[in-house]
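Data block below; observations after.
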Number of protein chains: 2
Amino acid sequence: MDVKIVDVAMIAGVSPATVSRVLNHTSKVSARTRDKVMRAIEELGYHPNAAAKNLRSQRTMTIGVIVPDINNSYFAEIIKGIENIAYAQHYKIIICDTQNQKEREAEYLNLLLDRTIDGAIILTPLVEDQELIELADKGYRLGVVGKYVKHDQVPCIYTDNVKFSQEVVQHLVDQGHRDIVFLSGYADAVDSYERLEGYLKALRSHHIPFRPELVENGNFNEQGGYEAMKRLFEKRLSFTAVYAANDEMALGVYQACAEYGMRIPDQLAVVGVDNNRISRYIQPTLSSVDQPKYTMGAILAEKLIDMMNHNEFAHQRVFRIDSTLLIRESSAYQRKS
Amino acid sequence: MDVKIVDVAMIAGVSPATVSRVLNHTSKVSARTRDKVMRAIEELGYHPNAAAKNLRSQRTMTIGVIVPDINNSYFAEIIKGIENIAYAQHYKIIICDTQNQKEREAEYLNLLLDRTIDGAIILTPLVEDQELIELADKGYRLGVVGKYVKHDQVPCIYTDNVKFSQEVVQHLVDQGHRDIVFLSGYADAVDSYERLEGYLKALRSHHIPFRPELVENGNFNEQGGYEAMKRLFEKRLSFTAVYAANDEMALGVYQACAEYGMRIPDQLAVVGVDNNRISRYIQPTLSSVDQPKYTMGAILAEKLIDMMNHNEFAHQRVFRIDSTLLIRESSAYQRKS
DNA sequence: CTGATTTATGAAATCGATTTCACATTTGGG
DNA sequence: CCCAAATGTGAAATCGATTTCATAAATCAG
């Protein structure tokens, strides 16, 4: 049914090899034959079969992007960055949404093994580093956004969680807060424990004693943040500020505050992370840490593609990117001490 | 370097054909040989090469999803619906973000022609129906979300733009408005002109004369909505309500209102479409038309996969889904007449 | 126990491109 | 004007699976 390379060759009066050469510019072809071939291709509406091409050339020009949740502007922005670079370099991307399930992530990594994709970019991986390292050891190409992975063939890009968490706490302390809640995501995520670490460091440097009861887990989503906050209110603990490990949970904090009649920011200051689009629209506007998402995606894609094309590894492969604390209304109230 | 089916066959002491049979359950294999084969596969860590498989079997078990902008929760939700169905049916999906460029959309449709994908789902296509129809005529499998396409091999699902637009206008009229702005997206998008059509119909049925100067184009994004609104304010036209063809543009309206000191909803009522997540968080909360996005994606994927699997076309292929007008604060102010 | 049927397996063809190798034809240097 | 190098092209091998066809072995009916 479909038209194949031999059909084109037949019409053009040349061999399939020559047609291939014309299409791939892989060796010199005289202007006359190139012409004949192009005309034949046009006439027949020929499109090279991708599977055959992939099989013979041992590459698919496809990158898999493994993401916990595409309906989250943080990831969507990163993907945009990846997609634009990939498109420019004639790579396709397969987006794999794991819906935050570790086993789906593992399953999608199999696309590397069966050679459906030439390489994979993983956004904040759920699987253990060890697994990624083993893949890289076997020569599979992968890159990581949002986490540092120790393997000299794995490019990665991330923001320094510890550092910006310290900045957040510093800011809250400057505003006169000492009793600061930390809302964490799932415990085994880097983003959780590193942000916690920064929080603890900052407390220490201000000689503020750590109160473990002020740390709660909100699973990185709005519902979780809401419930965590409710638990804190119910325990009647004293605190004047909340540092939520992402904006989603901060939204849950807003909701709980509305329910319990707490005013933001004068009764409770709130800071989140991700600079989710909503944080600019909600009332009061939400202070948040902004990461250059698009750029992160673009840089990593660039690097990975570079490695895949030249089959060598890059001079620089670890990128630690600076993030910016955006101070908005939710933390702009200065407490008298 | 990689382990191939012959290697497995060698170790298991059988022929490649038998290994293939074990893997694909394509004909009876004795328990003993199945065992040997499975052990060999395990031992060698064998993964069938996708390209070879695709080439021989003439299918890739992959669906392309072509979308104007993944960083838009409307599309992201639809994709979620598609992804979940696809995953359950062992299909992979390739997400292609066209960034609203017609030529990219066309380029991505080539994935059908070169057999990279078995079928495509297009979310609110930019290309002409004619092009899609031609593809379908040639036997390529495709489905459409957000638009009706007249071809008995193309399943499609959409909400009735004309109908819900009439509802929106009806609601605004009920609130005492007669001078209602319509903010359109790009003119050649179905969603634009059908929503305009509903707007016009509603006006007619209320014997409200149509004022062409109250129709502006905002390109479906926030910036466009903002600029369109500014133009209207600058012209000093009289109006008391805005129907924006999507929520993004409605956000632009909010921005313009803030700048021009217009209060929503008492000086200006606003209604949008899509029930973007932000519409619940912004102040005042934004009235909007909600479409069952996830479900739309899921139904269409189900249908398309069904057609691909059984290679026959479905009994029902056109789905017109009901949408719901959610009335929130931005249009809840009753004008005295 | 014999011939017919079923079951389990292997050899070889096949999917549709790319690439190697060989060879004929030009081109160019002296 | 002749031989060496460069250029352009085709035949055939190849990528790694699936599938057809043939056949040996096992089962069954009478």
Side-chain angles (χ1 to χ4, degrees), chain A residues 1-38 40-41 44-62 90 92 110-118, chain B residues 1-41 44-62 90 110-118:
Chain A
M1 165 196 145
D2 274 350
V3 27
K4 299 176 292 192
I5 198 170
V6 282
D7 304 323
V8 176
M10 192 85 84
I11 298 291
V14 299
S15 74
T18 301
V19 177
S20 171
R21 283 188 267 255
V22 169
L23 280 168
N24 301 290
H25 311 98
T26 174
S27 85
K28 284 203 146 49
V29 175
S30 77
R32 270 196 68 243
T33 42
R34 183 197 318 289
D35 245 51
K36 285 189 299 183
V37 170
M38 293 306 279
I41 288 174
L44 298 176
Y46 168 67
H47 288 263
N49 179 296
K53 190 167 187 154
N54 295 343
L55 174 58
R56 179 62 232 224
S57 62
Q58 303 283 51
R59 48 186 351 212
T60 62
M61 298 300 284
T62 303
H90 307 290
K92 296 179 278 292
N110 280 333
L111 296 178
L112 277 172
L113 304 182
D114 73 15
R115 303 287 175 190
T116 295
I117 55 180
D118 293 342
Chain B
M1 167 195 144
D2 275 351
V3 26
K4 301 177 290 191
I5 199 169
V6 281
D7 305 322
V8 175
M10 192 84 84
I11 297 289
V14 298
S15 74
T18 301
V19 177
S20 172
R21 283 187 269 254
V22 169
L23 280 168
N24 301 292
H25 310 98
T26 175
S27 86
K28 281 204 150 46
V29 176
S30 78
R32 273 194 64 242
T33 43
R34 182 196 318 288
D35 246 50
K36 287 189 296 184
V37 170
M38 292 306 279
R39 247 197 308 279
I41 288 174
L44 298 177
Y46 169 67
H47 288 263
N49 179 296
K53 192 167 185 152
N54 294 344
L55 173 57
R56 180 60 231 223
S57 61
Q58 303 284 51
R59 50 187 348 212
T60 62
M61 298 300 284
T62 302
H90 307 291
N110 280 335
L111 296 178
L112 278 172
L113 304 182
D114 73 16
R115 302 289 175 190
T116 296
I117 56 180
D118 293 342

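Numbered from 1 within each chain, the chains take letters A, B, ... in sequence-line order. The figures here come from the full heavy-atom set of this structure, side chains too, leaving out hydrogens, waters and symmetry mates.
A close approach under 4.0 Å does occur between a side-chain nitrogen or oxygen of B:Q58 and OP1 or OP2 of C:dG16. Applying the 4.0 Å criterion to OP1 and OP2 of C:dT9, one finds that B:S30 has a side-chain N or O inside that range. Remark: B:K28 is not in phosphate contact with C:dA8, judged by side-chain N or O atoms under 4.0 Å from OP1 or OP2. The phosphate of C:dT9 (OP1 or OP2) has a side-chain N or O of B:T33 nearer than 4.0 angstrom.
Atom C1' of nucleotide D:dA17 and atom CG of B:L44 are separated by 16 Å, given to the nearest angstrom. The CG-C1' distance, from A:L55 to C:dT14, rounds to 12 Å in whole Å. In this structure, the CZ atom of A:R34 is 9 Å from the P atom of D:dG8, given to the nearest Å. B:K4 has its NZ atom 4 Å from the P atom of D:dG16, to the nearest Å. If you measure from atom CE of B:M10 to atom P of C:dG10, you get 13 Å, rounded to the nearest angstrom. Between A:R59 atom CZ and C:dA17 atom P the separation is 19 Å, expressed in whole Å. In this structure, B:R115 atom CZ and C:dG16 atom P are separated by 10 Å, rounded to whole Å. Between B:D35 atom CG and C:dA8 atom C1' there is a gap of 16 Å when expressed in whole angstrom units.
Residue-environment remark: CE (B:M61) exceeds the threshold of 12 foreign heavy atoms within 6.0 Å.
Here the side chain of B:T62 pairs a donor or acceptor atom with the backbone of B:T60 at under 3.5 angstrom.
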Problem set entry | side chain to side chain contact (heavy atoms under 4.5 Å, CB included) between A:L23 and A:S20, worked out | CA-CA 5 Å; A:L23 280 168; A:S20 171; 5.8 Å; no
Seminar exercise, completed: Once base and sugar-phosphate atoms are separated, protein heavy atoms under 4.0 Å mark nucleotides 18-27 of chain C, 5' to 3', with B, S and - as BBB-------
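Residues B:V14 and B:V22 fail the side-chain proximity criterion, which asks for heavy atoms closer than 4.5 Å. Annotation: side chain of A:R34 is not in contact with side chain of A:V37 (no heavy-atom distance under 4.5 Å).
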For residues 44-54 of chain A, dump all side-chain donor-acceptor pairs below 3.5 Å to protein atoms at least two apart in sequence or in another chain.
| residue | atom | partner | partner atom | Å |
| --- | --- | --- | --- | --- |
| A:N49 | OD1 | A:A51 | N | 2.8 |
| A:N49 | OD1 | A:A52 | N | 2.9 |
| A:N54 | ND2 | A:A50 | O | 3.3 |

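Rounded to the nearest 0.5 Å, atoms NZ (A:K28) and OG1 (A:T33) are 12.5 Å apart.
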